[in-house]
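Excluded from the calculations below are hydrogen atoms, water molecules and symmetry mates; all remaining heavy atoms, backbone and side chain alike, are included. All figures in this text were calculated on a predicted structure; none of them were measured in a lab.
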Amino acid sequence: MKKEISSGTEKAEKLTLKNANEKPAAKKPVKSTAKKQTKKTAVKSVKGKTAKKNKPVKAVSEKKLQKQKIREQKKLEAAKLKVERKQKKLEKKLEHKQKRLDRIAAFKEKVADRRERRRERKDMLKHETKEARLNRKAEEREAKIQARVAKREAAVAERQARREHRLKVRAEKRANRKERRHAPGVGGWLAAVISLGVTTLALGTMLTFGWLNMNGMQADMAGIHTQSLYELNSVVDNLDTNLAKARVSNSSDEQVRLLSDIAIESEMAEVILERLPVDSQMTQSMTDFVNKMGDSAQSMLYAVARGDKLTDSQKASIEYMYDCTLQMKQIINELTANTSEKDMIKAMKGKGGLMYSSFDQLTNNPIETPKEIHDGPFSDSVKKVSAKNLEALEEIDATKAEELARNYFESYNLKDVRCTGEAIAQQLECYNLSLTTNDGDMMAQLSKKGGKVVMFNSYKDCSAKNFSVERCIDIAQDFLDDLGFDNMKAVWTSENGTTCNLNFAYEQNGVIYYPDIIKVKVCEERGIVTGMEGISYVLNHTSRKAVKAAISKGEAQKKLNSAFEVETSRLAVIPHDEQETLAYEFSGTFDGNTYYIYVDAKTGVEIEVFTVIGTKQGRALM
């Protein structure tokens, strides 16, 4: 009997026999993994390429070709648009560059035009006769008056136009309401809404246009004021240069040329300062300085022209003027470089800004004039800011001011008197009055308290000399008496050929009070007063106690230089160190020059010294 073996056992025996009969295989060398991977990759690549080559090419469908063409077309259009944008950008850049070049060229042309006008004006002023200069100033004043009148009329017309527009809008609204009441239903409401919408649109359009137009006007005015600032900067630079040259010049011809330029440029600076959009009080110290500098230069010019040499005092004045002008130049140069249109518009609106801060710097560091007499000792003696003598007086209205003006200037045969507004002079509230006569227009300022005449000016010039200085003094004295200014004594006079300028000071018990000073201008052709300034008197005058000197006049005179030749002497109250001081006033000569010396009547200390310049144009009345 055959022995049965399980299938599992049979399989195990067969596998053992097979392994025993086989020879052991030879050991293969181990290759690097990198080489294997490279070989495998290469093989795969070859297989892939072979597969691709062997792969049958499918036919491209018409739809796919159409899409491909569309893509190509879009690419071409995109490239074309890119080129066009680049071209437009380049053209725009070139256009901006051309506009910039045009602006630069226009600016240079404008600057050249301004320089040419300044040169022409300088030449004109240099060769201008006295009569022509007076006529020109009269024309300029007349132009200013006409401009003010035109501005006032334009403002009235604008207010009238606004009022008419408001009335028209109200009438339209009333008509719409009436129509709405008599047109019930949807149609009536629709008509009312449409009408109101049209009115609102029209009003909005007008307001928008007005706002844009006002902005444009402000920008134009800002541009004009900026141009004035640039002109002032140029004039101050020229003054600085000419004064620097005048310091070292020793030639009469060169001194004449330089002093002529300084006198002309000082006048130009004064005119430009009046045009700037800042409070006149902020530019007052600068205006006073350039005004006195022009007078000093003119007086020195006359002396050099007649063959005299500049004195040590005059040379010291040139040094002083140079130092002050350098200070002005630094501030104005910085202001010109940094002022923008916004700063100028802010100054025009009176909201401060860079313009105000810069001129406030000049106000806080006041530029004082040299202590030389051009229009009388202590002629600028406004110190107080409240009028004590007016505090108890009644405040008048505009109608009363017009009535008082008619009485004050009755002898001028007034045709019309009109109050044109209010003003503040040295913190004193005043009424501005326009006076019309057969000879021309005049203007005056009356204080609101008491109705005192603060200022008066006539615009008609004088061209001949028919009255002597002594007669002019009597005319001015009568004029002041009529205005209620009593006990006034003439203390100074100067002539310019056809006009006599006089200073009157209050006198009490033989003592002259220089703080209470009034300046009067008399026309030597017609023999009438054509100008008056009494702000110092109105602010300073009050009832005072009798004053008494602690030392005698002889003791005070011993304090003077022994070489000083005294011609006249008297007691005077002068403004000194922000207060009134009793002093002995001595006038006389030293080394050919006229001086005023003031010695304190209590301590015997010399407290003020003035030198008189331009004696050919004026003399002191003692």
Side-chain angles (χ1 to χ4, degrees), residues 134-164 274 280 390 393-425 428-464 466-467 472 475-485 498-499 518-535 537-538:
L134 294 174
N135 292 334
R136 176 178 58 78
K137 286 195 171 183
E139 291 174 359
E140 290 176 354
R141 284 195 296 268
E142 184 65 27
K144 286 182 180 179
I145 294 171
Q146 291 178 359
R148 285 197 295 267
V149 171
K151 185 177 179 181
R152 194 160 52 243
E153 290 176 351
V156 172
E158 185 181 355
R159 287 196 296 271
Q160 183 66 22
R162 287 201 297 267
R163 182 174 178 274
E164 291 176 357
E274 293 175 357
S280 59
L390 302 183
L393 299 181
E394 181 184 358
E395 184 171 312
I396 64 171
D397 57 15
T399 304
K400 182 64 175 179
E402 292 176 354
E403 181 185 342
L404 288 173
R406 290 183 185 277
N407 294 331
Y408 287 146
F409 304 103
E410 183 180 4
S411 61
Y412 289 82
N413 299 320
L414 299 177
K415 294 172 61 178
D416 182 43
V417 176
R418 183 164 47 90
C419 182
T420 59
E422 299 181 13
I424 296 178
L428 179 68
E429 295 182 349
C430 304
Y431 287 110
N432 286 334
L433 297 160
S434 176
L435 316 176
T436 305
T437 69
N438 293 326
D439 291 335
D441 293 331
M442 304 185 300
M443 71 92 64
Q445 278 187 342
L446 269 63
S447 63
K448 293 181 75 172
K449 281 284 188 78
K452 296 291 184 181
V453 179
V454 177
M455 186 273 291
F456 160 68
N457 195 20
S458 171
Y459 299 113
K460 188 173 179 62
D461 289 312
C462 304
S463 56
N466 300 324
F467 291 81
C472 288
I475 293 169
Q477 190 80 60
D478 294 339
F479 176 81
L480 294 177
D481 291 340
D482 292 340
L483 296 184
F485 298 110
T498 58
T499 302
I518 299 177
K519 302 176 186 179
V520 183
K521 181 171 64 174
V522 180
C523 174
E524 294 180 335
E525 178 187 5
R526 293 174 289 160
I528 62 171
V529 174
T530 57
M532 171 262 190
E533 181 189 324
I535 185 67
Y537 180 94
V538 175

Under 3.5 Å, is there a donor-acceptor pair linking the side chains of Asn466 and Glu524?
no
Is any side-chain heavy atom of [X] closer than 4.5 Å to a side-chain heavy atom of [Y]?
X      : Y      : answer
Phe456 : Met442 : yes
Thr530 : Val522 : no
Thr420 : Leu433 : no
Phe409 : Thr437 : no
Ile475 : Ile528 : no
Val454 : Leu446 : no
Ser434 : Met443 : no
Leu483 : Lys452 : no

For a side-chain contact (heavy atoms from CB on, under 4.5 Å) check, start with the C-alpha distance between Ile535 and Met455, then their side-chain angles and the critical distance, and finish with the verdict.
CA-CA 7 Å; Ile535 185 67; Met455 186 273 291; over 6 Å; no
Minimal non-hydrogen separation, [X] against [Y], with atom names:
X      : Y      : value
Thr499 : Lys521 : CG2-CG, 3.2 Å
Glu525 : Cys462 : OE1-CA, 3.5 Å
Leu435 : Ala444 : CD1-CB, 4.3 Å
Ala476 : Val529 : CA-CG2, 4.2 Å

Worked verdict on Glu422 versus Lys448 for salt bridge (Lys or Arg N to Asp or Glu O under 4.0 Å)
CA-CA 9 Å; Glu422 299 181 13; Lys448 293 181 75 172; 3.3 Å; yes
Applying side-chain contact (heavy atoms from CB on, under 4.5 Å) to Val417 and Arg406, what does each step give before you reach the verdict?
CA-CA 7 Å; Val417 176; Arg406 290 183 185 277; 3.7 Å; yes
Leu414 vs Thr436, side-chain contact (heavy atoms from CB on, under 4.5 Å): CA-CA, chis, key distance, verdict
CA-CA 6 Å; Leu414 299 177; Thr436 305; over 6 Å; no
Would Phe479 and Tyr408 count as a close aromatic pair, with their ring centres under 6.0 Å?
no
Could you go through the side-chain contact (heavy atoms from CB on, under 4.5 Å) check for Cys419 and Glu402 one step at a time?
CA-CA 6 Å; Cys419 182; Glu402 292 176 354; 3.4 Å; yes
Could you pull out all residues at least two apart from Phe485 that satisfy ring pair (Phe, Tyr, Trp, His ring centres under 6.0 Å)?
Tyr537
If you round to the nearest 0.5 Å, how far is OH of Tyr412 from OG of Ser458?
7.5 Å
